[in-house]
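Bear in mind that the values here come from a model prediction, so they are computed numbers and not experimental data. Chain naming here is simple, since letters A, B, ... match the order of the sequence lines and numbering starts at 1 in each.
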Amino acid sequence: MSVVRVRYAPSPTGAPHIGNLRTALFNWLWARHNGGKFILRVEDTDQAREVDNGLELIMESLRFLGMNWDEGPDIGGEYGPYHQSERLAVYKKYADELIDKGAAYYCYCTQEELTQMRKEQEARGEPTRYDRRCRKLTAQERADRQAKGLPRVVRLAVPLEGSTTLPDFVHGDITIPNADVDDQVLMKSDGFPTYHMAVVVDDHLMGITHVMRGDEWISSFPKHILLYNAFGWTPPQFGHMPVVLGPDKKKLSKRHGATSVLQFRDEGYLVEALVNFMALLGWAYDGERELFSPDELIEVFTLDHIHSSPAVFDRAKLDWMNAQHLRSMDAQALTERLHPFLTRAGLTVDAETIRELVPLVRERIKRLDEIAPLVDFMFQDEIEYDPKLLVGNKMTAAQSLDALRAADEVLGTLDSLDDEAKIEHDLRAAAEKLGLKPAQFFGVLRIALTGKSVTPPLAGAMKIMGKPKTMQRIARALEML
RNA sequence: GUCCCUAUCGUCUAGUGGACUAGGACGUGGCCCUUUCAAGGCCAAGACACGGGUUCGAAUCCCGUUAGGGGCACCA
């Protein structure tokens, strides 16, 4: 069996969104599953649409997701160059070959002629397509135009009869009458190839074995197969991936909020979760198991389970999945991931302390960025809160006072607050002695210590804050009561 | 308009003619646990778009209908 070679071939028009990257992921998984090659190629044949840092954003997204490539514009490879704009001579050569074979022809129609033609077709209620007038040019007419040096494009001479069968491993074979296929432009008048020309030539030259691309390409699929036929090349295996939709069932776009993985990364989603989630968008293992590490995905990913219908991107499930990965993650790794999110929130916390924070927060956050508001009180010098909160529901000020005094006394006798189990035990005993429910007792203490009604467990928090800060907060609360 | 693709719980999906009174997960509701919040456990509601065939038998095959989506560029 020949080695699997797949590619991700985006055009550098901005940060790739989840939909594009999901397709890239399928390619990458397939390459890794087979020990094959994953190639990054830049489809920059439209100068007008290009964005300056487009390629950089694409590479950054891929790197973040851990999708490493074996050949690409930055690292080269034996099939380079990997920028289509640097392969112009190659396309020219193959276009000439098609002309020589009679499988393509020069077209001298101007933009104006074409729009005029389409307008008339529309008026007559006909499908809009090139009417092949230049294909019908006589040798004399052709020579005349050539002599005048008129701008020209190269068009594919689609067979007038018959039909073409498009082999697709996700949709199954699709057969299209050739009469429905337009004489597509292959080479633009500026010497650049169109997507159709470049993709076929490059996939063939680069030895691509499987093409997985978005569903939106299926309508130009016939042109591609026809081109392979015209060249006498064997096409790679094709699979068109279902599109990813937003919650409104429309194709995912910026309108739906975050769509770039870079944004997701900044919001505190884990690579592991993002990869896991994207893999399950249009692909399933067995319908039962759905939590996978990237390595596990590589192992179990196969083409036969790719869906043919579109999938809606469900943020709630991503959140759940992120939380799952957060919990199963190694403590040290989680510590490292959490660090920047604390720093960014203005909290200076050393790695050792974050390590202690991990068991306190890992089951309470769904995203990394949720850590700061959860633990900030431990690192601030002063906390602000409404003293009224010190008296809980169904409690009197006297009871709160008793609770805080008891806590002050219990904690005060301890050398340090390092023994969480002991603290908890002693505090519970104190509550019982006062005839207070744990919820009431700890509720008051929680406000005194944190200023919030929702926090991680108190014993763990006190341990991290240390005795002086803890005692000082209780004292301050006592003053306010 | 025309060509093409798609159609199982709200969402992601399992299902490839009989094991389907259609399974799992997210979400939702309830209960349990509980130091708040989570997490966890248990339970519940919830789907084969519609209509025709084919077949002893259809979520599964075929044909229509409907509804979504995509294309119809010297854009990818």
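Annotation: A:F192 is not in aromatic contact with A:Y91 [ring centroid separation under 6.0 Å not met].
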Under 3.5 Å, which protein N or O atoms sit close to an N or O of nucleotides 61-69 of chain B? Give each pair with its distance.
from   : atom 1 : to     : atom 2 : distance (Å)
B:rG69 : OP1    : A:K250 : NZ     : 2.2

Between the protein and nucleotides 24-28 of chain B, are there any N/O to N/O pairs under 3.5 Å, and if so, what are the atom names and distances?
from   : atom 1 : to     : atom 2 : distance (Å)
B:rG24 : O4'    : A:E288 : OE2    : 3.3
B:rG24 : N3     : A:G287 : O      : 3.4
B:rA25 : O4'    : A:E290 : OE2    : 3.0
B:rA25 : O2'    : A:E290 : OE2    : 2.2
B:rA25 : O2'    : A:K317 : NZ     : 3.4
B:rA25 : N3     : A:K317 : NZ     : 3.0
B:rC26 : O2'    : A:K317 : N      : 3.4

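Contact check for A:K366 versus A:L326: no side-chain heavy atoms found under the 4.5 Å cut-off. Counting only heavy atoms from C-beta outward, the side chains of A:I39 and A:W69 never approach each other to under 4.5 Å. By the 4.5 Å heavy-atom criterion applied to side chains, A:L427 and A:E424 are not counted as neighbours.
Among A:V244, A:V261, A:I58, the single residue meeting the side-chain contact (heavy atoms from CB on, under 4.5 Å) criterion with A:L21 is A:V261.
Between A:R118 and B:rC72 there is no side-chain polar atom (N or O) within less than 4.0 angstrom of OP1 or OP2. Contact between the side-chain N/O atoms of A:H307 and the OP1/OP2 oxygens of B:rA14 is found at a separation under 4.0 Å. Side-chain N/O atoms of A:K188 include one lying less than 4.0 angstrom from OP1 or OP2 on B:rC75.
Among the heavy atoms of the strands, none lies under 4.0 Å from A:G214. Across all strands, A:S453 comes closer than 4.0 Å to base atoms (heavy-atom distances). Contact annotation for A:C107: no contact, since no heavy-atom pair falls under 4.0 Å across all strands. Using a 4.0 Å heavy-atom distance criterion, A:T455 is classed as a base contact. Nucleic acid contact class of A:L281 (heavy atoms, under 4.0 Å, all strands): sugar-phosphate only. As judged by a 4.0 angstrom heavy-atom cut-off over every strand, A:E424 is placed among the base-contacting residues. Among the atoms of the strands shown, only primed sugar atoms or phosphate atoms (P, OP1, OP2) are found under 4.0 Å from some heavy atom of A:I174. Residue contacts for A:T13: at a heavy-atom cut-off of 4.0 Å it reaches no nucleic acid atom on any strand shown. Heavy atoms of A:R446 sit under 4.0 angstrom from at least one base atom. Residue A:H240 is classed as having no contact, given no heavy-atom separation below 4.0 Å to the nucleic acid. When heavy atoms are screened at a 4.0 angstrom cut-off, A:Q184 is found touching no nucleic acid atom at all. Nucleic acid contact class of A:P457 (heavy atoms, under 4.0 Å, all strands): base. Contacts of A:P373 with the nucleic acid, taken as non-hydrogen atoms under 4.0 Å apart, are absent.
When the C1' atom is compared between B:rA58 and B:rG51, the two are found 15 Å apart, to the nearest whole Å. Taking the C1' atom of each, B:rC4 and B:rC56 are spaced 37 Å apart, rounded to whole Å. Straight-line distance between the C1' atoms of B:rU21 and B:rU16: roughly 22 Å, to the nearest whole Å. Taking atom C1' on both nucleotides, B:rG23 is separated from B:rU8 by 11 Å, rounded to a whole Å. Between B:rU2 and B:rG64, the two P atoms lie 15 Å apart (nearest whole Å). Comparing B:rA59 with B:rU13, their C1' atoms sit 14 Å apart, to the nearest whole Å.
In this structure, the side chain of A:R289 engages the main chain of A:L291 through a donor-acceptor pair within 3.5 Å.
Each of A:D182 and A:I176 was assigned the nucleotide of RNA chain B with the nearest heavy atom; the assignment lying further toward the 5' end belongs to A:I176. Mapping A:E216 and A:L458 onto RNA chain B via the closest heavy atom, the residue that lands nearer the 5' end is A:L458.
Checked by distance alone, A:S189 brings a side-chain donor or acceptor within 3.5 Å of a matching partner on the base of B:rC74.
Across B:rA76, B:rC72, B:rC74, the shortest atom-to-atom separation from the side chain of A:T128 is found for B:rC72.
For residues 152-169 of chain A, proximity to RNA chain B is found at A:V153, A:R155, defined as any non-hydrogen atom under 4.0 angstrom from a strand atom. Contacts between residues 359-367 of chain A and RNA chain B, defined by a heavy-atom separation below 4.0 Å, involve A:E363, A:R364, listed by number.
For A:E432, there are no salt bridge (Lys or Arg N to Asp or Glu O under 4.0 Å) partners at least two apart in sequence or on another chain. Residues passing the salt bridge (Lys or Arg N to Asp or Glu O under 4.0 Å) test with A:D96 are A:K92, sequence neighbours excluded.
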